[in-house]
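One structure below.
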Amino acid sequence: MSPLVSILISLVAYQIGVFIYRKTKITLLNPLLLGIIFVISILVIFDIPLNEYNKGTEIITFFLAPATVVLAVPLYNQIETLKKNIVPILFGITVGSTSAILSVIFLSKLVNLEKDVLISILPKSITTAIGIEITKALNADTALTIVAIVSTGIVGATIGPTICKWSKIDNSIAKGVAIGTASHAVGTSKAIEIGEVEGAMSGLAIGIAGIITVFLIPLFINFI
């Protein structure tokens, strides 16, 4: 199977997901979630081995990091807002990143997850490009890491705005920081829909949360 076929399947599946989401505007019908369902369906129906499909997806994975950098554009447009609120923004991202790691450790211990599985899902709240590298460095399961990251992003994009509403969080900066820190790029795509400030702050949170997590995970692993 040609890598180009894998890329074509991925792109078509995602575009169908985008089309359905734009027509329905139902948050649960996230384009990424629908794309995953469509790809799995195609692989099962046509009996395509996962290893064959993965040959093309490696190219897509390679471009994840450069694509994430594009999120700096809305942040540049809100640079003055960032300067005025830099301290609370950094504090919020730090607390959020720490909470994300501690929550995984606590819940994993609660259900007696194996240590390898626990380590693999620790980077769940950071962007895939960074999360994969952390997992590789720790000799854990990158496939499991990707599942955890994608699932977290979809859940965050789906229920994040609702949680902010129920919590009566009206500040645009706070909403952006919360969504970006908790659900990385997938959540940021939803934050951009909410507003320019939310999208910019969410994009900023992706990068800073990733850096903070890189330093925190090795420290917390020593206590697992």
Could you tell me the separation between the [atom1] atom of [X] and the [atom2] atom of [Y], rounded to the nearest 0.5 Å?
X: I48; Y: I42; atom1: CD1; atom2: CD1; value: 7.0 Å
X: L118; Y: L144; atom1: CG; atom2: CG; value: 10.5 Å
X: L216; Y: T98; atom1: CG; atom2: OG1; value: 5.0 Å
X: I212; Y: I93; atom1: CD1; atom2: CD1; value: 6.5 Å
X: S41; Y: L34; atom1: OG; atom2: CG; value: 10.5 Å
X: I173; Y: N85; atom1: CD1; atom2: CG; value: 3.5 Å

Would [X] end up clustered with [Y] when hydrophobic side chains under 4.5 Å apart are linked, directly or stepwise?
X: V177; Y: I211; answer: no
X: V95; Y: I89; answer: no
X: V111; Y: I119; answer: yes
X: V197; Y: F91; answer: no
X: I9; Y: L50; answer: yes

I'd like to check [X] versus [Y] (side-chain heavy atoms, cut-off strictly below 4.5 Å). Are they in contact?
X: P123; Y: T135; value: yes
X: E198; Y: I179; value: no
X: L138; Y: I217; value: yes
X: I221; Y: L122; value: yes
X: D141; Y: T145; value: no
X: S103; Y: K124; value: yes
X: I134; Y: I126; value: yes

Problem - Intermediate values then yes/no, side chain to side chain contact (heavy atoms under 4.5 Å, CB included), H184 and T188 - result: CA-CA 6 Å; H184 49 81; T188 298; 6.0 Å; no
Exercise for the section: Could you tell me whether the side chain of S108 and the main chain of I105 form a donor-acceptor pair under 3.5 Å? Expected result: no
Handout entry: Whether T152 side chain and S183 backbone form a donor-acceptor pair below 3.5 Å
Key = no
Handout entry: Pairwise salt bridge (charged side-chain N to carboxylate O under 4.0 Å, His left out) hits with a residue in residues 160-170, at least two apart
Key = none
Handout entry: Selection residues 91-117 - residue pairs positive for salt bridge (charged side-chain N to carboxylate O under 4.0 Å, His left out), sequence neighbours left out
Key =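 Qualifying pairs, neighbours excluded: none.
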Problem - Candidate pair I121 and L113, rule side chain to side chain contact (heavy atoms under 4.5 Å, CB included), full reasoning - result: CA-CA 11 Å; I121 63 176; L113 279 184; 4.0 Å; yes
Practice task
Report the C-alpha separation of L102 and F220 in whole Å, then their side-chain angles, then the decisive distance to 0.1 Å, and conclude whether the side chain to side chain contact (heavy atoms under 4.5 Å, CB included) test is met.
Solution key: CA-CA 8 Å; L102 291 177; F220 283 115; 3.5 Å; yes
Practice task
Might you point out which heavy atoms bring A174 and N171 nearest each other, and give the distance in Å?
Solution key: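 What the structure gives for the nearest pair is N-OD1, 2.9 Å.
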Problem - Contact summary for A13 and F38, nearest pair of heavy atoms - result: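 Heavy-atom minimum between the residues: O-CD1, 3.5 Å.
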Problem - Among S97, S99, S125, S202, the one residue meeting side chain to side chain contact (heavy atoms under 4.5 Å, CB included) with T181 - result: S97
Exercise for the section: Carefully, step by step, assess L8 and L4 under the rule side chain to side chain contact (heavy atoms under 4.5 Å, CB included). Expected result: CA-CA 6 Å; L8 182 62; L4 292 177; over 6 Å; no
